[in-house]
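So the structure is just underneath, and the comments pick up after that.
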Amino acid sequence: MKTSRFHLVTRKETPADAEIVSHQLMLRAGLINKLGAGLYTWTPLGLKVLRKVEKIVREEMDKTGALEMLMPAVQPAELWQETGRWEQFGGQLLKITDRAGRDYCFGPTHEEVITDFARKEIKSHKQLPVNFYQIQTKFRDEIRPRFGVMRAREFLMKDAYSFHIDEASLKQTYQDMHDAYCRIFERIGLKYRAVDADSGAIGGSGSQEFHVIADSGEDAIAYSDSSDYAANIEKAEALPPATPRPAPTEPLKCVDTPGAKSIDEVAQALDVEKDRVLKTLLVEGEDGPVALVVRGDHDLNEIKADHLPAVKSPLRFLTPDEVKACAGCAPGSVGVAGLNARIIADHSAANMADFVTGANEDGKHLTGVNWERDAHYDETADIRNVVEGDPSPDGSGQLKFARGIEVGHIFQLGDKYSKAMNAVVLDENGKSVPMKMGCYGIGVSRIVGAAIEQNHDDKGIIWPTAIAPFQVMILPMNLHKSERVKATAHQLYEDLQKAGVDVLLDDRKIRPGAMFADAELLGIPWQVIVGDRSLDKGEVELKSRKNLQSQNLPLDSVVSFLLQQTTSTP
RNA sequence: CGGGGUAUAGCGCAGUCUGGUAGCGCAACUGCUUUGGGAGCAGUGGGUCGGCGGUUCGAAUCCGUCUACCCCGACCA
């Protein structure tokens, strides 16, 4: 492609309403153009990137034997009413009405449509297993779209849905999808982690999210520094301490702590570290109040606590009045000694000795408290958030924290949708059984933003070669003045094209400085600089966008060098 | 949905308080000069000042109202 025949519009200035760097660079490089909140036009340049991502996704899906199809974006309300999601999905569902007053939605996802398709077309276990996918525009009416294509309302997604006769088959395809996703992100050239996710309200037995690691990510993830283990911070398991509880050394004492309510205030008033203070939180239980206790430097994990049988779900903290009725004091002075509630201690809290706790009397705390001697817990459990430095739950290494951008998820759905929509097949015994389902999504357009978020510098984008809009850009210095530069640039352009390299020739009549600035903003992996200076020696200059280092190469070896570079590195 | 903010040329902004015929920089177009890191000079085009209504001799400016967009929060298969 030549710039003179391409639509290339770049900007020096950053549009005011773009917050994060990927959004700013996408606008400046002219990959997207905003139409409305969360609505973007993909320009010819942007679409080239999007299509390259799409192609990799499609190739890897096809390799697993998944079958591509295309479902309607507009879906009848009846289908969503069958699964109860017409109401349940809430405001994110864009509802529309046709001229006859019939209700539809613009699909935010396609479980209903595919399940309807499957119940009509799949009747026998012999047709199973099967995995359908599509790459299609989705619409979710986000409460707050932001960050450009990272959280847009209309976006491009690859969604796949698999159908199975039993759990074992589902698990096999789930694993195949996991492996395919790893290959996809590796081919694109992104640093990523597969992260255990909470299966939450949907049920099912397994779910993993794929996160691209970037500081601007909206999700916090914990990962092991020496294994593949990674999980959402809220989901990561906190192991019990490996060392036994120390023996008591201090006597129990009651001290005045006027005005000290929070852990910080108590620790400061008594001049102890926060990990010596016990945090006692009273919540509603199935059978009277329950006290959840964690170490002062730890945070309660409400999801873990909510799952405890003794705790009433959904988790609710007692009001100050209820705390007063239960413990006889305000929330800031509640303690475990003599407390009339079921006490559930976090593993780390249960391992404390000579600790500080509220005295169940306003303005007073107990010091030198020890389990068994002074107080008792009814059970121990994992009810806290992990912190950096905790041992990894898989037994290998320590946990570190990072921020991630969720670009994919895979899910074992089980029979949630097939049961609700009566999608059944006859098994080997001629018995009618609901199919097992899995679903697997990749945010195709989000990957473009995430890739920039992970690969840029102060000059612009640094595309991984696999998804760069062009692999090579030819920058002729003053081509309108030098016939030799012009002829060489065009010859190189033709040779590279013939060799199958995706090349852009900048034949605009602009000064070298502007040309360099644009090339760096656009982030094309290799620049070939053609100028009289190096042509005198029969050479051209090659510059890598990654490190901005340049080298001179004889004219006749440029094509083979670039061919090798663009096919070997991601 | 709660809180805050903004809306003036393609982009970034001034002008609004104190009403008087709309400006700056970048970008675009033309010409001349310049040419290895976003050139200089001269000239040109482009604006329902977000919409509607009101006050006024006169409204970008004051009042009312609606809309759009952005930020923080809650929400998020």
Side-chain angles (χ1 to χ4, degrees), chain A residues 7-20 23-24 27-30 33-40 43 80 83-93 105 107-112 138-148 150-153 155 157 159 161 197-204 207 209 218-219 232 234 406 408-413 416-417 437-441 443 458-460 475-482 485 506 508-522 527-536 540-541 543 548 550 552:
Chain A
H7 180 76
L8 195 64
V9 178
T10 58
R11 282 173 225 292
K12 250 194 261 191
E13 284 167 301
T14 302
D17 55 9
E19 273 292 296
I20 61 169
H23 189 197
Q24 295 171 349
L27 291 167
R28 285 192 53 211
N33 187 290
K34 186 167 110 175
L35 179 65
L39 301 172
Y40 292 90
T43 66
W80 285 73
T83 58
R85 293 211 294 178
W86 184 255
E87 301 301 332
Q88 191 193 325
F89 212 90
Q92 263 201 76
L93 191 62
C105 64
T109 178
H110 279 69
E111 281 85 3
E112 278 80 0
K138 298 280 190 279
F139 192 98
R140 294 181 194 183
D141 200 356
E142 293 284 349
I143 293 170
R144 199 176 149 211
R146 59 186 133 173
F147 305 148
M150 302 273 266
R151 187 181 281 286
R153 290 195 295 170
F155 59 97
M157 180 170 172
D159 47 329
Y161 308 89
D198 193 2
S199 27
I202 284 214
S207 164
E209 294 168 354
E218 291 193 85
D219 299 297
N232 274 341
E234 301 220 310
E406 186 189 342
H409 84 186
I410 55 176
F411 235 108
Q412 296 178 36
L413 289 173
K416 178 184 159 90
Y417 293 94
M437 287 175 64
C439 76
Y440 320 93
D458 57 345
K459 295 185 191 310
L475 283 67
M477 300 292 99
N478 305 308
L479 109 164
H480 56 289
K481 285 197 73 177
S482 165
V485 167
D506 195 349
R508 293 175 296 177
K509 285 181 187 174
I510 56 174
R511 293 159 54 88
M515 199 177 272
F516 286 129
D518 265 354
E520 274 139 23
L521 174 60
L522 294 178
Q527 297 171 20
V528 180
I529 300 155
V530 182
D532 279 318
R533 216 190 258 178
S534 45
L535 281 182
D536 286 342
V540 292
E541 184 180 332
K543 185 151 66 165
L548 296 175
S550 44
N552 280 4

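Letters go in sequence order (proteins before strands), and every chain restarts at 1. Below, each value reflects all heavy atoms present in this structure, side chains not excepted, and no hydrogens, waters or symmetry copies.
In this structure, of U35(B), A74(B), C71(B), it is C71(B) that holds the atom nearest to the side chain of Glu19(A). Checking C70(B), G36(B), C11(B) against every side-chain atom of Pro15(A), the shortest atom distance belongs to C11(B). When each of G37(B), C76(B), A27(B) is scored by its nearest atom to the side-chain atoms of Lys12(A), the top-ranked nucleotide is A27(B). When the nucleotides C76(B), A39(B), G10(B) are ranked by their closest atom to the side chain of Arg511(A), A39(B) comes out on top. Picking from C71(B), A39(B), C69(B) the nucleotide with the shortest atom distance to the side chain of Asp17(A) gives C69(B). Distance from the side chain of Arg146(A) is smallest to G73(B) among G36(B), G73(B), G37(B). Checking U35(B), C75(B), C69(B) against every side-chain atom of Lys481(A), the shortest atom distance belongs to U35(B). Comparing C76(B), U35(B), G37(B) against the side chain of Phe516(A) picks out G37(B) as the nearest. The side chain of Ile143(A) has A74(B) as its nearest neighbour among A74(B), G38(B), G36(B). Nearest to the side-chain atoms of Met477(A) among the listed nucleotides G36(B), C69(B), C71(B) stands G36(B).
Between Leu479(A) atom CG and U34(B) atom P there is a gap of 18 Å when expressed in whole angstrom units. Between Leu35(A) atom CG and C70(B) atom C1' there is a gap of 16 Å when expressed in whole angstrom units. Summarising the geometry, the separation between NZ on Lys509(A) and P on C29(B) is reported as 12 Å, rounded to the nearest angstrom. Between the C1' atom of C76(B) and the CE atom of Met157(A) lies a distance of 14 Å, rounded to the nearest Å. Spacing between atom CG of Leu522(A) and atom C1' of G37(B) amounts to 15 Å, rounded to whole angstrom units. Distance CG (Leu93(A)) to C1' (C75(B)): 16 Å, rounded to an integer number of Å. Between Arg508(A) atom CZ and G38(B) atom C1' there is a gap of 11 Å when expressed in whole angstrom units. With rounding to whole Å, His480(A) atom NE2 is found 13 Å from G36(B) atom C1'.
The gap from the P atom of A68(B) to that of A22(B) amounts to 30 Å, rounded to the nearest Å. On the P atoms, G20(B) is 11 Å away from C62(B), given to the nearest whole Å. If you take atom P in U56(B) and the same atom in U67(B), they sit 28 Å apart, rounded to whole Å. C69(B) sits 15 Å from C11(B) when the P atoms are compared, rounded to a whole Å. Distance check on atom C1': U21(B) versus U30(B) gives 29 Å, rounded to whole Å. Using P as the reference atom, U61(B) and C52(B) are 12 Å apart when rounded to the nearest Å. Between the P atoms of A9(B) and G47(B), the separation comes to 10 Å (whole Å). The gap from the C1' atom of G19(B) to that of G54(B) amounts to 15 Å, rounded to the nearest Å.
If you check A28(B) for Watson-Crick or wobble pairing at under 3.5 angstrom, you find it paired to U44(B). Applying the Watson-Crick and G-U wobble criteria (two distances, each under 3.5 Å), C75(B) pairs with nothing in any strand. Under the Watson-Crick or G-U wobble criterion, with both distances below 3.5 Å, A14(B) has no partner in any strand shown. U35(B): no Watson-Crick or G-U partner with both key distances under 3.5 Å is found in any strand. For C62(B), the paired base is G54(B) (Watson-Crick or G-U wobble, both distances below 3.5 Å). Applying the Watson-Crick and G-U wobble criteria (two distances, each under 3.5 Å), A7(B) pairs with U67(B). Across every strand in view, U21(B) sits unpaired, with no contact that passes the Watson-Crick or G-U test at under 3.5 angstrom.
Neither side chain, Ser534(A) nor Asn552(A), offers a donor N or O lying under 3.5 Å from an acceptor on the other.
Between the side chain of Asp518(A) and the base of G38(B), a donor-acceptor pair under 3.5 Å is found. No hydrogens or angles were tested; on distance alone, a donor-acceptor pair under 3.5 Å links the side chain of Arg28(A) to the base of G38(B).
The backbone N or O of Phe139(A) sits nowhere less than 3.5 Å from a side-chain atom of Arg153(A) that would complete a donor-acceptor pair. Looking at Thr83(A), its side chain does come within 3.5 Å of a backbone N or O of Trp80(A) through a donor-acceptor pair. A donor-acceptor pair is defined here as one N or O able to donate and one able to accept, closer than 3.5 Å; such a pair exists between the side chain of Gln24(A) and the backbone of Ala18(A).
The residue Glu520(A) sits close to a base: some heavy atom pair falls under 4.0 Å. Residue Ile529(A) is classed as a base contact, given a heavy-atom separation below 4.0 Å to a base.
Relative to the ring axis of Phe516(A), Lys459(A) does not place its NZ or CZ within 45° and under 6.0 Å from the centre.
A search for ring pair (Phe, Tyr, Trp, His ring centres under 6.0 Å) contacts involving Tyr440(A) returns nothing, not counting sequence neighbours. Under the rule for a ring pair (Phe, Tyr, Trp, His ring centres under 6.0 Å), the partners of His23(A) that lie at least two apart in sequence or sit in another chain are Tyr40(A).
Contact between the side-chain N/O atoms of Lys459(A) and the OP1/OP2 oxygens of G38(B) is not found at any separation under 4.0 Å.
A distance of 12.0 Å separates CZ of Arg533(A) from CG of Leu535(A), quoted to the nearest 0.5 Å.
Heavy-atom nearest nucleotides on RNA chain B were determined for Phe89(A) and for Pro512(A), and the one closer to the 5' end corresponds to Pro512(A). Taking for each of Ala514(A) and Glu13(A) the nucleotide of RNA chain B with the nearest heavy atom, the 5'-most of the two is the partner of Glu13(A).
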